[in-house]
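Everything below concerns the one structure shown next.
The structure displayed is predicted, hence computed values, not measured ones. As the structure lists them, so they are numbered: ligands from 1, and atoms in each ligand from 1.
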Amino acid sequence: MPIILPINDDSIARASALLRQGRLVAFPTETVYGLGGDATNGRAVASIYEAKGRPTFNPLIIHVPEVQSLDSLIEWTEEARLLASAFWPGPMTLVLPRKKAAPVSLLASAGLETLAVRIPSHAAALRLLRAFGGPVAAPSANASGKLSPTMPDHVADSLGDAVDLILDGGKSEIGVESTVIDMTSSFSMILRPGGILPDQIEAVLGRPVSVHGGTASPEAPASPGMMTSHYAPHLPVRLNARIVFEGEAFLAFGDDALVKGGAARLNLSHRGDLTEAAANLFAMMRELDKPIYTSIAVAPVPNEGLGLAINDRLRRAAAR
Ligand code: TXA
Ligand code: MG
């Protein structure tokens with residue numbers, strides 16, 4: 001199994017040395033754990049795809065510690081600068097035109113002329129990115145299509161020895177991935193709902209933004225992480241459950257005292273708090289995903305605020 005180390009000067013130095021050698025390091029971010037590799041090293045990037053079993057048409061997010069680090073990678077737009085200063089460091093990813101001379105492996109952007117970039121806010125992530133000193137390609141640190149990791153042991157369970165080192169930053173604070181915004185056309189579009197909400201983006205841009213509604217086809221994914229089946233546990237998932245059947249595991253939200261039955265239950269947030277629910281989502285799904293149950297029944301979650309991201313992940317978890 002991979003080594004799991006607490007965050008300190010030694011572990012950060014060890015992690016950045018591994019990255020320099022083209023090896024893979026899982027590190028905490030405020031959203032979920034990332035599987036990091038040197039974005040300029042084609043072999044390191046290839047081993048990210050291999051470790052995850054990820055289709056190579058699905059591009060990776062490039063992580064950097066500060067805005068200036070992006071100047072050599074992407075073409076800035078005025079609106080991208082506005083969003084960057086409003087929400088970075090933080091749970092937002094911008095898709096922008098890739099500079100021709102960008103020293104990022106073409107495989108990392110799956111041959112696209114765009115690049116997805118993000119500055120995470122987690123202190124350990126920033127420490128690692130600064131120590132390494134170059135762009136780090138980092139998808140969520142889970143096997144492709146499966147539940148995203150919000151704890152170091154989720155990473156170890158999902159990826160095993162494919163990752164050389166896991167930096168332990170405890171439980172991810174937000175628990176769902178960053179909001180991915182396509183800024184490559186004159187109307188920006190939210191490709192993946194996440195930690196930064198549509199209202200917040202609209203307030204900064206001073207105009208409405210659309211949210212990618214449909215599911216992408218696997219052949220031509222707008223954002224390939226939007227493929228219908230994703231974030232999937234092994235068990236079937238039943239959504240908007242108001243009753244629970246025998247043998248089912250129940251993932252409740254809010255007051256569940258009147259909902260009887262089920263072989264097991266966990267509650268995303270007893271007090272009906274969407275922020276708390278997002279932080280618990282992947283860990284609780286993982287905990288209920290046991291072959292002794294027939295399926296996971298999930299209570300309705302309001303489709304507002306972080307509920308947009310939660311419902312997006314739940315729909316994909318339920319799709320087969
Ligand atoms: O919160 C997060 O974003 C986490 C942490 C580790 O930063 N990362 C993450 O990466 O969720 P991943 O690979 O699991 O999801 C990246 C998403 C995918 O849906 C991918 O298709 C999309 O971003 N993406 C990457 N590059 C893109 C591009 N050039 N154009 C459109 N979508 C892109
Ligand atoms: Mg992912």
Numbering as shown, the atoms of ligand 1 that approach T114 to under 4.0 Å (heavy-atom distance)
28 (C), 29 (N), 30 (N)
Kindly identify the option in T184, I61, T31, V136 whose heavy atom sits closest to atom 16 (C) of ligand 1.
I61
Tell me the ring pair (Phe, Tyr, Trp, His ring centres under 6.0 Å) pairs involving residues 266-309, sequence neighbours left out?
Y231-F282
Check the Mg ion (ligand 2) and write out every protein N, O or S atom at under 2.8 Å, as residue and atom.
S140 OG
Would you say S109 touches ligand 1, if touching means a heavy atom closer than 4.0 Å?
no
For N58, counting its heavy atoms only, list the atoms of ligand 1 lying under 4.0 Å from any of them.
18 (C), 20 (C), 21 (O)
Given P59, S140, S148, which has its nearest heavy atom closest to atom 24 (N) of ligand 1?
P59
Is a salt bridge present between R98 and E75, judged by a nitrogen-to-oxygen distance below 4.0 Å?
no
Within the 3.5 Å criterion, strictly below it, is a donor on S47 or R23 matched to an acceptor on the partner's side chain?
no
Within a distance under 4.0 Å of any heavy atom of A138, pick out the atoms of ligand 1 and give their elements.
6 (C), 8 (N), 10 (O)
If we only consider heavy atoms of R54, is any one of them less than 4.0 Å away from an atom in ligand 1?
yes
By number and element, which atoms of ligand 1 are closer than 4.0 Å to a non-hydrogen atom of G34?
6 (C)
Relative to the heavy atoms of E177, which atoms of ligand 1 are at a distance of less than 4.0 Å?
1 (O), 2 (C), 11 (O)
What part of L60, side chain from CB on, backbone N/CA/C/O, both or neither, has a heavy atom under 4.0 Å from ligand 1?
backbone
Counting from 1, what ligand 1 atoms have a heavy atom of S178 closer than 4.0 Å?
1 (O), 2 (C), 3 (O)
Side chains of S295 and E248: donor-acceptor distance under 3.5 Å anywhere?
yes
Please check if atom CZ in R43 has more than 12 non-hydrogen atoms from other residues, nucleotides or ligands closer than 6.0 Å.
no
Within 6.0 angstrom of E173 CD, more than 12 heavy atoms from elsewhere:
no
Could you check whether S148 and E177, counting side-chain N and O atoms only, form a donor-acceptor pair closer than 3.5 Å?
yes
Residues R265 and E287 bridged, charged N to O under 4.0 Å:
no
Under 3.5 Å, is there a donor-acceptor pair between the R207 and S188 side chains?
yes
M151 and M284: same hydrophobic cluster, using ILVMFWY side-chain contacts below 4.5 Å?
no
Verify whether one side chain among T184 and T114 offers a donor that lies under 3.5 Å from an acceptor in the other.
no
